[in-house]
Each structure stands twice: as C-alpha cells, then as structure tokens.
Amino acid sequence: MITAAIVDDDPNIRETLQAALITDTQKRRIPVQLSVCASGSEFLTLPQEKWDLVLMDVEMPGQNGIETARQLRRINDRAAIIFITNYIQYALEGYEVQAFRYLLKPIDAAQFEQVVGTALDEIHHRQTAYLQLKGRSEIIRLAIDELIYAETERGHLLLHTPGKVLECYSTMEKLEQELKQEAFFRCHSSFLVALEAVRQIEKQDVVLKDGTRVPVSKNRKKGMKQALTNFWGGKFL
C-alpha cells in the first residue's frame, strides 16, 4: 500500500493529477490510499509521518510548497516529494528538502508517467524487498527499507533499525554483496550505511539523520561522497 497526497490550489490540476496517479497505480497493481488537498496548510493538518509520495504545487497562496515540504521533512524524511511548478528555478530550494523530481506545467502525460512511475516503482520495491539472515536461534527477515546501518562486532553483524538492533551471523562482505543493487555504501571496513539515512559527511564521520555518527575510512571517503552525490543528484534528472 502506497500512501500519497496531492497538494495544489488549482482544482483542474488536482483532478488531472488524481486521474493520472490512479491510472499509474492501477497499471502497476499497487494499492494506493490517496488524499487531495487545496493548500499546504490543509495538507499539514494530516498526519505527516504516513506519506510515501507527495505531489506538491510550489506556487500556492499563503504557505507555498517549499515551506510546506520543509515542515513535512521535520517529521518524514522518506516521502518522495514531486514538485509541480511553472519554473525550474526552484530546483535549488527543492534540493534542500530532498525533492524526488519536478513536473513542469502544463503537465505532460508522458512526463508524468516517467517521473511518477519511477517514484512508484522505487517506493514499491522499497516496501517489498527483504533480507533473510541467520539470527541466534531463528531466521531474521528484515525489510531493506528498515535497515539504517550495519556494523561488525566479534565475528557477527549488528543491524541497526528504527527502535532496535538485530544480531545476525553473516559477514559484511556477504551483506554488501546482497545490497549491491540497493542504495547502501560501505563507508568503513566494519560499517555499511543506507544512503537515505545520511545527513552529511564530516572529516572522519558520516552523520546520520538521527544524529548517529558512523566512521568513514580515509580511503573510502571519496567513494562515499560520490555515492551520496549520485544518490541525491539522480533525483533531479
């Protein structure tokens, strides 16, 4: 189930976006729970932690889309935000709130399919991809989306997820191989992080969005920076 919102003050555009989004999710057989709002302030009255996808107009009376997205990001750092705008000049401000892509008005059906379809595919994959690893006395099945970072300790792995740490019996090499097609990077011989969880890179550490500091090796720092640049930069293609 994907939880999505459309936020636009123009009723015609809201109707167009709603019809197109329903068509795309039905084509992919992805269930969607959709909310439609006429303003940023209306959108912010809804629970912000639940959103997977938000289609947001930039130029709205009162609170604009960029400011609305800033408030969303204080609570939800995983939602794919797609801005709807007449002007690409908002790209730098969109980078600040980690926008997924932009859709330029008037909305073109092919562009919508490419941009929103990519977001739907990524969200659906994130929700349905799992790791299966051996724990102390059981098999651990962990959604890849829940893994923040992993570290080695005394011959086994500690998997850090929201609210808990799981211990499993594998190697960092095997985990890195299993996640090679996912958005993760091994920043240290003993640490592997989800790029989605990274806030910034400092001299000797990767700082995660929750404030956790993970060491980055000198010989891996350049690769870490490039991986993060590619991860965020690709959102604006």
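Predicted model, so just to flag it, every value in this text is computed and none were measured. All values below come from the heavy atoms of this structure, side chains included, with hydrogens, waters and symmetry mates left out.
Across all their heavy atoms, A79 and W51 have their closest contact at CB-O, 3.4 Å. A pairwise comparison of heavy atoms in T161 and I148 identifies C-CD1, 3.8 Å as the closest pair. Heavy atoms only, all atoms of each residue included: G65 and F83 are closest at O-CE2, 3.6 Å. Between S35 and K50, the shortest heavy-atom distance links the atoms OG-NZ, 4.4 Å. The two residues V58 and N64 make their nearest non-hydrogen contact at O-CB, 3.2 Å. Residue F185 comes nearest to G223 through the heavy atom pair CZ-C, 3.4 Å, listed as atom of the first residue, atom of the second, then distance.
In terms of hydrophobic clustering, with Ile, Leu, Val, Met, Phe, Trp and Tyr side chains grouped at heavy-atom distances under 4.5 Å, I144 and F191 are assigned to different clusters. By the rule that hydrophobic residues join a cluster once side-chain heavy atoms approach within less than 4.5 Å of another member, I107 and V36 end up as members of one cluster. V207 is not connected to F231 by any chain of hydrophobic side-chain contacts under 4.5 Å among Ile, Leu, Val, Met, Phe, Trp and Tyr, and they are in different clusters. No single ILVMFWY cluster, assembled from side-chain heavy atoms under 4.5 Å apart, contains both V206 and L192. A continuous path of Ile, Leu, Val, Met, Phe, Trp and Tyr side chains, each step under 4.5 Å between heavy atoms, connects I2 with I82, placing both in one hydrophobic cluster.
In summary, the side chains of E182 and H125 do present a donor paired with an acceptor at a separation below 3.5 Å, with no hydrogens or angles considered. A side-chain donor-acceptor contact under 3.5 Å links Q200 and E202. Checking Q63 against Q71 by side-chain atom types alone, a donor-acceptor pair falls below 3.5 Å.
Between L142 and L159 there is a side-chain heavy-atom pair separated by less than 4.5 Å. Counting heavy atoms from C-beta outward, T25 and L21 have side chains that approach closer than 4.5 Å. In this structure, the side chains of L147 and F184 come closer than 4.5 Å at one or more pairs of heavy atoms. Using a 4.5 Å heavy-atom cutoff, the side chains of L228 and K225 are not in contact. Side-chain contact between I201 and K221 is present, with at least one heavy-atom pair separated by less than 4.5 Å. Residues T68 and V7 are not in side-chain contact: their nearest non-hydrogen atoms beyond the backbone lie 4.5 Å or more apart. Using a 4.5 Å heavy-atom threshold, the side chains of V198 and L208 count as touching. Looking at heavy atoms from C-beta onward, C187 lies in side-chain contact with M224 at the 4.5 angstrom threshold.
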Go through L46 and C37 one step at a time and tell me if the side-chain contact (heavy atoms from CB on, under 4.5 Å) criterion holds. CA-CA 10 Å; L46 302 174; C37 302; 3.8 Å; yes
Please report the C-alpha distance between E138 and I140 in whole Å, then the side-chain angles of each, then the deciding distance to 0.1 Å, and finally whether the side-chain contact (heavy atoms from CB on, under 4.5 Å) criterion is met. CA-CA 6 Å; E138 76 286 343; I140 298 172; 3.8 Å; yes
Check the pair V54 / L72 against side-chain contact (heavy atoms from CB on, under 4.5 Å), numbers first and verdict last. CA-CA 10 Å; V54 179; L72 166 64; 4.1 Å; yes
Evaluate salt bridge (Lys or Arg N to Asp or Glu O under 4.0 Å) for R154 paired with E167, printing each intermediate quantity in order. CA-CA 11 Å; R154 299 175 191 156; E167 183 178 342; over 6 Å; no
Evaluate the criterion side-chain contact (heavy atoms from CB on, under 4.5 Å) for residue pair L158 and L166; output intermediate values, then yes/no. CA-CA 6 Å; L158 297 180; L166 303 172; over 6 Å; no
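Rounding to the nearest 0.5 angstrom, the gap separating the CZ atom in R136 from the SG atom in C168 is 11.5 Å. To the nearest 0.5 Å, atoms CG (D24) and CD1 (I30) are separated by 9.0 Å. To the nearest 0.5 Å, atoms CD (E67) and CG (L44) are separated by 8.5 Å. Taking CG of L120 as the reference point, atom CD of E113 lies at 8.5 Å (rounded to 0.5 Å). Between atom OG of residue S170 and atom NE2 of residue H156 there is a gap of 12.0 Å, rounded to the nearest 0.5 Å. Rounded to the nearest 0.5 Å, atoms CD (Q114) and CG (L103) are 9.5 Å apart.
Remark: of the listed residues D57, D10, N86, D57 is the sole one forming a side-chain hydrogen bond (donor to acceptor under 3.5 Å, both in side chains) with K105. A side-chain contact (heavy atoms from CB on, under 4.5 Å) with Q18 is found for exactly one of I6, I13, L55, T23, namely I6.
The main-chain N or O of T85 is never found under 3.5 Å from a side-chain atom of E59 such that the two would form a donor-acceptor pair. Put simply, the side chain of D210 gets close to the backbone of T212: a donor and an acceptor are under 3.5 Å apart. Q48 places a side-chain N or O within donor-acceptor distance of the main-chain N or O of F43, the cut-off being under 3.5 Å. Not a single donor-acceptor pair under 3.5 Å links the side chain of S217 to the backbone N or O of R220. Counting only distance, with no hydrogens or angles, the side chain of R73 and the backbone of V97 share a donor-acceptor pair below 3.5 Å. A distance-only check finds no donor-acceptor pair linking the side chain of Q177 to the backbone of E173 [under 3.5 Å].
R101 and E122 are not joined by a salt bridge, as no carboxylate oxygen comes within less than 4.0 angstrom of a charged side-chain nitrogen. A salt bridge is defined here as a Lys NZ or Arg NE, NH1 or NH2 lying under 4.0 Å from an Asp or Glu carboxylate O, and R78 with D52 fails to meet this definition. The pair R126-E196 fails the salt-bridge criterion, with no side-chain N (NZ, NE, NH1 or NH2) lying under 4.0 Å from an Asp/Glu carboxylate O.
Ring geometry for H160 against Y149 counts as parallel: the plane angle stays under 30°, on a 0 to 90° scale with 60° as the upper cut.
Applying the 6.0 Å contact sphere to NZ of K174 captures no more than 12 heavy atoms from other residues, nucleotides or ligands. Shown here is Q204, whose CD atom has no more than 12 heavy atoms of other residues, nucleotides or ligands within 6.0 Å. Other residues, nucleotides and ligands contribute more than 12 heavy atoms inside 6.0 Å of the NZ atom of K209.
Scanning for salt bridge (charged side-chain N to carboxylate O under 4.0 Å, His left out) contacts around R29 gives an empty result, with sequence neighbours left out.
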